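To keep things clear, I will list the structure first and then write my remarks on it.
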Amino acid sequence: MENMDEINSIYEKVSKVISRDEYIERVNEKVEQMSGLCDEKTAAMLVAHDLGASDAGQNTVKIAEITPDSGIVNFIGKVISVFDSREFKRNDGTTGKVGNIVVGDETGTIRLTLWDDRAELINSGNIEIGQCLKISGYVKEGYTGLEVNIGDNNMISESDEMVDIKLSSTSISDIKDGMGDINLYGKVLDKWDIREFNRRDGSKGRVCNILIGDSSGKIRLTLWDEKADFAEKIKAGDTVEIINGYARENNFNQEVEIQIGSYGLIKKSDRNVEFRESFTPIADIVAGDLFSIKGHVSGIDEIKEFSRQDGTQDMVANIYVSDETGRIRLALWGEHANTVNDIDIDSRIEVIDAYSKYGLKDEIELNVGNRSKIIVM
DNA sequence: CCCCCCCC
């Protein structure tokens with residue numbers, strides 16, 4: 001080829017998205033298509049243009065400005081996380097490939113969905129965390145928020161221009177059902193065992209819950225499938241960083257929780273997060289919610305074993321706790337019943353996240369179950 | 001997409 005230096009410098013703009021051989025092949029095809037009306041250099045520029053190269057850098061937006069109606073957007077983003085790509089079958093029988101990465105700039109983060117050859121970039125290790133990318137793609141509303149789709153006609157390539165990431169940070173108390181793109185630091189307050197379950201399609205899933213708090217409140221995290229394993233790496237008191245979580249009401253008690261699925265990221269952090277438990281005066285407790293109280297033990301019953309209608313056995317012990325505002329009965333279920341062996345009348349006690357409801361004689365009582373915690377001082 | 005709120 002003539003003008004090799006020029007063609008090489010044009011190729012540099014798209015070298016991250018196409019191999020050199022394939023590029024030269026496309027340039028030659030373009031020359032043929034144009035029946036000699038354009039030279040190789042022009043063809044090289046046209047091919048680069050088709051790949052989106054000339055669009056990047058023009059009309060560049062910041063991530064926070066991207067809306068569902070943005071159409072094609074050009075922006076620069078720094079890679080925050082890379083997820084494995086996977087193959088799927090199209091209706092026409094061909095095999096497609098799709099993969100996701102999350103990028104951020106100083107205004108926010110967004111998920112990219114890479115298709116086919118672009119998804120292959122993920123597998124071949126061409127995309128690394130911390131790298132800055134020039135991106136041109138089509139905006140769509142996804143399950144967890146906006147996503148930018150990048151197919152063969154769009155572009156993704158290494159950027160000379162760098163951007164800093166300043167993750168927007170959500171306060172736990174501001175989290176509402178349906179929110180996506182949730183980034184925050186939280187202190188681990190409690191965690192539960194990983195559970196296996198069967199999906200409707202017959203496959204097995206795994207799920208784990210972690211309770212986290214920040215200075216504004218606390219919320220339950222739900223980690224799905226391979227993300228559930230993360231729970232083994234952390235303990236109460238650790239700080240976790242969440243990137244790209246999304247909030248959903250769970251469908252058994254309508255509490256909003258943060259879900260971390262295959263598009264989200266959770267990792268340990270060195271950051272210090274303030275959390276203070278908020279205790280409710282016993283007199284202020286109403287039925288139908290979770291409460292934390294602190295006070296002194298003012299009554300202790302014996303442990304009772306019982307059988308449920310379904311044949312399962314369990315145990316329960318009732319105790320009473322008083323503070324300066326009132327006195328309330330607590331039912332300690334399961335393992336919590338053994339707490340009666342560790343307390344005496346007047347023991348100082350804190351009970352975290354007990355469920356209030358009307359019990360014996362229509363009086364409000366607190367149920368201390370496997371989501372609750374008892375601290376004997 | 002998964003899970004309690006049960007006893008007397």
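This structure is a prediction, so every number in the text was calculated from the model and none was measured. Throughout, a chain's letter reflects where its sequence line sits, starting with A, and its residues are numbered from 1. Any value given below was found using the heavy atoms of this structure, including those in side chains, with hydrogens, waters and symmetry copies removed.
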(request) Let me know the distance between CG of A/Leu366 and C1' of B/dC6, rounded to the nearest Å. (result) 15 Å
(request) Kindly say whether, by distance alone, the side chain of A/Arg220 makes a donor-acceptor pair under 3.5 Å with the base of B/dC3? (result) yes
(request) Could you work out which one of B/dC3, B/dC2, B/dC6 sits closest to the side chain of A/Trp224? (result) B/dC2
(message) Is A/Lys361 close enough to B/dC8 that one of its side-chain N or O atoms is under 4.0 Å from OP1 or OP2 there?
(response) no
(message) In whole Å, I'd like the distance from the CZ atom of A/Arg206 to the P atom of B/dC2.
(response) 16 Å
(message) Is the base of B/dC4 stacked against the aromatic ring of A/Phe252, taking ring centres under 5.5 Å apart and planes under 30° as the test?
(response) no
(message) Ignoring hydrogens and geometry beyond distance, is the side chain of A/Lys304 in donor-acceptor contact with the base of B/dC7 at under 3.5 Å?
(response) yes
(request) Could you verify whether a donor N or O on one side chain and an acceptor N or O on the other, from A/Asn250 and A/Glu255, lie under 3.5 Å apart? (result) no
(request) Answer yes or no: does a side-chain N or O of A/Asn251 lie under 4.0 Å from OP1 or OP2 of B/dC1? (result) yes
(request) Identify, between A/Ser307 and A/Asn370, the residue whose nearest nucleotide on DNA chain B lies closer to the 5' end. (result) A/Asn370
(request) Look at the side chain of A/Gln309 and the base of B/dC6, then say whether one donor and one acceptor between them are separated by less than 3.5 Å. (result) no
(request) Whole angstrom is fine here: how far is it from CD in A/Glu255 over to P in B/dC4? (result) 14 Å
(request) Answer with yes or no whether A/Arg199 presents, from its side chain, a donor or acceptor under 3.5 Å of a partner atom in the base of B/dC2. (result) no
(request) Select from A/Gly261 and A/Asn253 the residue whose nearest nucleotide in DNA chain B is closer to the 5' end of that strand. (result) A/Gly261
(request) Could you please name the option among B/dC1, B/dC2, B/dC6 that lies closest to any side-chain atom of A/Glu257? (result) B/dC2
(message) If only side-chain N and O atoms count, and only distance matters, is there a donor-acceptor pair under 3.5 Å linking A/Thr239 with A/Lys268?
(response) no
(request) For a salt bridge (Lys or Arg N to Asp or Glu O under 4.0 Å) with A/Arg206, tell me which candidate from A/Asp225, A/Asp193, A/Asp229 qualifies. (result) A/Asp229
(request) Test A/Glu106 against every option in A/Lys62, A/Lys166, A/Lys78 by the salt bridge (Lys or Arg N to Asp or Glu O under 4.0 Å) rule and name the one that passes. (result) A/Lys62
(request) Measure from CG on A/Leu330 to P on B/dC5 and round the result to the nearest Å. (result) 18 Å
(message) Under 4.0 Å, heavy atoms only, any strand: does A/Ser356 hit a base, just the sugar-phosphate, or nothing?
(response) nothing
(request) Quickly work out the A/Asp193 CG to B/dC4 P distance and round it to whole Å. (result) 13 Å
(request) Could you check whether A/Gly369 gets within reach of a base, just the sugar-phosphate, or nothing at all, counting any heavy atom under 4.0 Å? (result) base
(request) Would you indicate which nucleotide in B/dC2, B/dC6, B/dC1 comes nearest to any side-chain atom of A/Tyr246? (result) B/dC1
(message) Regarding B/dC7, can its base be found pairing with the side chain of A/Glu365 as donor and acceptor, where the two atoms are less than 3.5 Å apart?
(response) yes
(message) Rounding to an integer number of Å, can you tell me how far A/Trp333 CH2 sits from B/dC6 P?
(response) 8 Å
(message) Within the structure provided, determine whether A/Lys357 and A/Ile364 are in side-chain contact (heavy-atom separation under 4.5 Å).
(response) no
(message) I need the NE2-C1' distance between A/His336 and B/dC6, as an integer number of Å.
(response) 14 Å
(message) Could you tell me how far apart A/Arg371 (CZ) and B/dC6 (P) are, to the nearest whole angstrom?
(response) 14 Å
(request) Return the nearest nucleotide to the side chain of A/Arg329; candidates are B/dC8, B/dC6, B/dC3. (result) B/dC8
(request) For A/Lys373 and A/Leu189, work out which heavy atoms get closest and say how close. (result) NZ-O, 3.1 Å
